[in-house]
> 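Quick one: this structure, given as structure tokens, is what I'll be asking you about.
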Amino acid sequence: MTRSVPDKPSLDGIEEALAARWEAEGTYAFDRGAERAEVYSIDTPPPTVSGSLHVGHVFSYTHTDAVARYQRMRGKTVFYPMGWDDNGLPTERRVENHFGVRCDPNVPYDPGFAPPAKPDDKRKVAISRRSFVELCQQLTVEDEKVFESLWRRLGLSVDWAMTYATIGETARRASQRMFLRNLARGEAYSAEAPTIWDVTFQTAVAQAELEDRERPGAYHRFGFARADGQGAVEIETTRPELLAACCALVAHPDDERYKPLFGTIVTTPLFEVEVPVLAHELAQPDKGSGIAMICTFGDTTDVTWWRELQLPTRSILERNGRTKADCPEWITTGAGRAAYERLAGKTVFSAQAAVVEHLRETGALIGEPRAITHPVKFYEKGDRPLEIVTSRQWYIRNGGRDAELRAALAARGAEVDWHPPFMRHRYESWVQGLNGDWLISRQRYFGIPFPVWYPVEADGTVANDRPILPPEDALPIDPSSDCPPGYDEAQRGQPGGFVADPDVMDTWATSSLSPQIACGWEDDPDLFARTFPMDLRPQGHDIIRTWLFSTMVRSHFEHGVAPWRNAGISGWILDPDRKKMSKSKGNVVTPLGLLEEHGTDGVRYWAASGRPGTDTAFDPNQMNVGRRLAKKLLNASRFALNLGEAPPGAVPTAAVDLSLLAALARLVTEATNAFESYDYARALERTESFFWSFCDDHLELVKQRSYGDGGDEGAASARATLELTLSVLQRLFAPFLCFVTEEVWSWWQEGSIHRAAWPSVAEIPGDGDPLVAAVAAPALAAVRRAKSEQKRSLLWPVERLVVTEKPERLAALRLAEGDLIAAGTLAAIEYVELTGDGVATYDVTLGPA
RNA sequence: GGGCGUAUGGCUCAGUUGGUUAGAGCGCUGCCUUCACACGGCAGAGGUCACAGGUUCGAAUCCUGUUACGCCCACCA
């Protein structure tokens, strides 16, 4: 094709123009006809659209895009869909704040409802569940447009015809179908059990969503009266407000201090409830007084004791985080019931104050509370400590209660190649540490409902143990508006009729099916067969225990295989002070602002410099370096192409040219190997390094010859070499600098560079001697140094260059003599053989002006 | 308590199977308007490779231990 090299090449405006071209030409469209072996499929993380994209997203999605582009150039048909995670609590919270509303399932649906014109944070309007869901859907559609436009701006090579949303119909159908299959096989079940509970959101949460936070607390010491009237049994607790929920004391079986008490009865202070003293090896003699008060439920250890010691359930906390308004029946004495009145209906905080005050009044409190700081469990999205309440929930087995399953899931982890490999430890330690099944039900509104109804008995009780299930071909359904087979709507809530399961699935229960949703499981068996199991799951290391593990669980049960062959784990973005980049700061630096300021290629360069799994500092400086690299590629390409076109059939013959190409072939091998092991950063680094020396040394060495100064053959060799090198370098850079490489490619090549073949050593003459270029470069540098040190222009003539070198290196240097003389404006080169172990020297004598 | 990772010039990082005087970019200093690029180029200064032992002809690299930082898991009366 004829060359069309602009006089003043620029990066301005190319991003918009090329993005439009890619869209119009379907550059990244997935070819559905490709066989599985030809496909490279990527399980893209669906970003939470209710948040905003931040620098961390740009970082990790760029990594995946680089791999996708590499695979595409390697000839793979890349399956690279984009999902939006739009269901669940984050969306609910965003809608509540955005519109100033809150969902109240008791409010009837108003078709004409409009959200308040001015949202009032303090007085949120209660609206029906249906209206609430409508607002959720309305807002997520808007959010998704914003996300897509940013991703396009970042140049992600996804096929935008293939997007999915975790609240979309496909996702709902897949989630419900998989749930029904899990249920049928006994992998899912419901149970009434102590559950970790967030009192703010009023929903159960899963083990994987917990985090510890250091909070101030205090040890409170008080005594339990012994039946024999001997001295009281003293305990220490950080949760005195749960004294009324006490059902036993427990000490270690070997603890001599308490051995005599095991089996005896003691009485709680204030409430005067008789509780047994028991033994359990989980009790630690060195904690507090060595004997602990078991309450239902202060923490997860309480749950263990309660279960293993078969204690009664004495809950005093309601789901809203307040104590029960009415005195519980196990408190029977007059004084005890009066004591309860003082904390009835209070928050945990107020109840604690009330109990402590009462203990102090009665003289039961021993000493003053001792302030401590201790870790407290929080829901990762919540800001109040979690409580434990008893409730009926849906679970999926995950090995937490089954060693055999746990081992099988651990083995699945070993089927996956982890990048970097050490990330596998995160997976293994999580699997080994599981202590309960996976709780998937949430008492929320904007999520995928469980496809389940229950019969209502004649007496009005709900038969939770006899769920009514829809057939798979009816999915997706909403049990709160759809009727179960054989019933009609009039029977909803009636004796002899049915009720809907009120819960929704947690968002992980859906996103754990991202491979099935994206690949068209059951809905599109043809696509599924071409794309599943997938090749790559890219994600952050913080969600190995949630997203990665839960996806493994679902695939294990349904398909008996790991859902992907590779897991590419990205690191985090760190502030300059080495802390994880905070949301507040991350939002100040908006991705769009970065792209505008540094150019997309500059930002991508910075991102791609972060090695897999390595936390990386946020560094605008590196983005500028990337932008400069893009400009250099622009200018170097223009320069090299304008030196003149090689005549047809021209091949590299000059030693300097062949030497460069030998190094280029090594570069190709190195970059390819790096990509094959998912080390895109290494591929970029090597290519960049080669490119700069190509510009500084080779281009300088050969430009005179390229002009034709040394004759036609020399010029042809130089030009043919430059063309080949340029073509290879542009392609090696293409996965990273996707815009500028496409721009320079378009000057002289047909089609998109992103559809061009990844460079191969087969296209590069490999018989050159790398030594020629290797000795010419320092010689040229020595000439430049001399000129620079003597403050002369680089065009200043050199009278004489004396090179003292080893014989074989001198021989190589002689092969570059013509180019070196031209590039250094030398009059002559003298060669002196270096003997012994001496060091090579370059003696430069500058000439007169 | 168990585990993983990191530690290289002021800053950000390379250094892949141990091999000659440890590299790059940024920043700093100096020079050059050179016919691709002045938002450019060329060059210079700057490092006892966290510390202590060990293996070796030879260690930033391998082994042992220590320290610091980060993270994961467990515990959390």
Side-chain angles (χ1 to χ4, degrees), chain A residues 5 7-9 11 212 214 217 219-221 235-240 242 249-251 282-284 286-295 298-302 305 372 374-377 420 422-435 541-542 544-545 571-572 574 576 578-580 606 609-611 613-622 624-629 631-643 670 673-674 677 679 681-682 685-686 688-689 692 695-696 699-700 703 707 781 783-796 825 837 839:
Chain A
V5 183
D7 286 341
K8 280 275 173 193
L11 299 174
D212 285 345
E214 287 290 330
Y219 281 121
H220 301 76
R221 192 179 186 97
I235 65 104
E236 285 197 336
T237 180
T238 56
R239 304 219 45 192
L242 292 178
L249 299 187
V250 65
L282 235 51
Q284 296 181 30
D286 55 341
K287 279 270 172 66
S289 62
I291 186 163
M293 156 175 104
I294 304 176
C295 306
D299 59 33
T300 51
T301 315
D302 278 344
W305 281 326
I372 55 156
H374 63 154
V376 178
K377 289 230 179 295
F422 65 78
M423 283 297 177
R424 171 179 303 166
H425 298 296
R426 300 283 181 95
Y427 177 87
E428 284 167 358
S429 72
W430 175 253
V431 173
Q432 297 311 333
L434 287 165
N435 55 31
H541 54 64
D542 51 330
I544 288 175
R545 66 179 189 173
W572 277 337
L574 304 178
R578 311 299 311 183
K579 294 273 188 279
K580 184 189 177 187
W606 160 76
S609 303
R611 311 186 95 75
T614 305
D615 293 347
T616 300
F618 175 73
D619 190 355
N621 217 346
Q622 283 300 109
N624 282 331
V625 171
R627 188 164 177 79
R628 261 204 291 274
L629 175 62
K631 283 183 189 164
K632 190 76 175 178
L633 186 59
L634 211 56
N635 284 310
S637 296
R638 167 172 174 256
F639 178 60
L641 292 174
N642 280 344
L643 287 172
E670 218 171 357
N673 290 344
S677 53
D679 196 350
R682 183 182 175 81
E685 189 208 358
R686 293 308 155 105
E688 182 193 10
S689 166
W692 282 108
C695 291
D696 293 347
L699 276 179
E700 294 299 329
K703 68 176 160 189
Y707 287 136
V783 172
R784 286 188 198 128
R785 189 182 314 119
K787 293 178 181 177
S788 183
E789 281 169 354
Q790 296 178 46
K791 307 195 175 181
R792 303 296 186 196
S793 146
L794 291 180
L795 290 180
W796 197 269
T825 52
D837 294 333
V839 178

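In what follows, every chain begins at residue 1, and chains take the letters A, B, ... in the order their sequences are listed.
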> Select base, sugar-phosphate, or nothing to describe what A:Q284 touches, counting heavy atoms under 4.0 Å on all strands.
base

> Start at the 5' end of RNA chain B and walk down; is the nucleotide closest to A:I291 or to A:S429 reached first?
A:S429

> Which residues pass the ring-ring contact (aromatic ring centres under 6.0 Å, His included) test with A:H541, sequence neighbours left out?
A:W572

> Does OP1 or OP2 of B:rC73 have a side-chain N or O of A:R545 closer than 4.0 Å?
yes

> State whether A:S793 places a side-chain N or O below 4.0 Å from either non-bridging phosphate oxygen (OP1 or OP2) of B:rU33.
no

> What residues form a side-chain contact (heavy atoms from CB on, under 4.5 Å) with A:N673, not counting sequence neighbours?
A:T669

> Return the stems involving RNA chain B, sorted by first number, where pairs are Watson-Crick (N1-N3 with N6-O4 or O6-N4) or G-U wobble (N1-O2 and O6-N3), both under 3.5 Å, and runs are 3 or more long.
B:1-7 with B:67-73, B:10-13 with B:23-26, B:28-32 with B:40-44, B:50-54 with B:62-66

> With sequence neighbours excluded, tell me which residues meet side-chain hydrogen bond (donor to acceptor under 3.5 Å, both in side chains) with A:Q622.
none

> Suppose we screen for side-chain hydrogen bond (donor to acceptor under 3.5 Å, both in side chains). Which residues come up paired with A:R221, at least two apart in sequence or across chains?
A:E234, A:E236

> Among residues at least two apart in sequence or on other chains, which ones pass side-chain hydrogen bond (donor to acceptor under 3.5 Å, both in side chains) with A:E700?
A:K703

> Could you work out, with salt bridge (charged side-chain N to carboxylate O under 4.0 Å, His left out) as the rule, every residue matching A:D299, not counting sequence neighbours?
none

> Which part of the nucleic acid, if any, lies within contact of A:D299, taking any heavy atom under 4.0 Å across all strands shown: a base, the sugar-phosphate backbone alone, or nothing?
sugar-phosphate

> Sugar-phosphate atoms are those with a prime plus P, OP1 and OP2; base atoms are the rest. Using that split, label each nucleotide of nucleotides 35-45 of chain B B, S or - for protein heavy atoms under 4.0 Å, 5' to 3'.
BBB-BSSBSS-

> May I ask you to say what A:L282 touches in the nucleic acid, namely base, sugar-phosphate or nothing, with a heavy-atom cut-off under 4.0 Å?
base

> Using the side-chain hydrogen bond (donor to acceptor under 3.5 Å, both in side chains) criterion, which residues pair with A:S609? Sequence neighbours excluded.
none

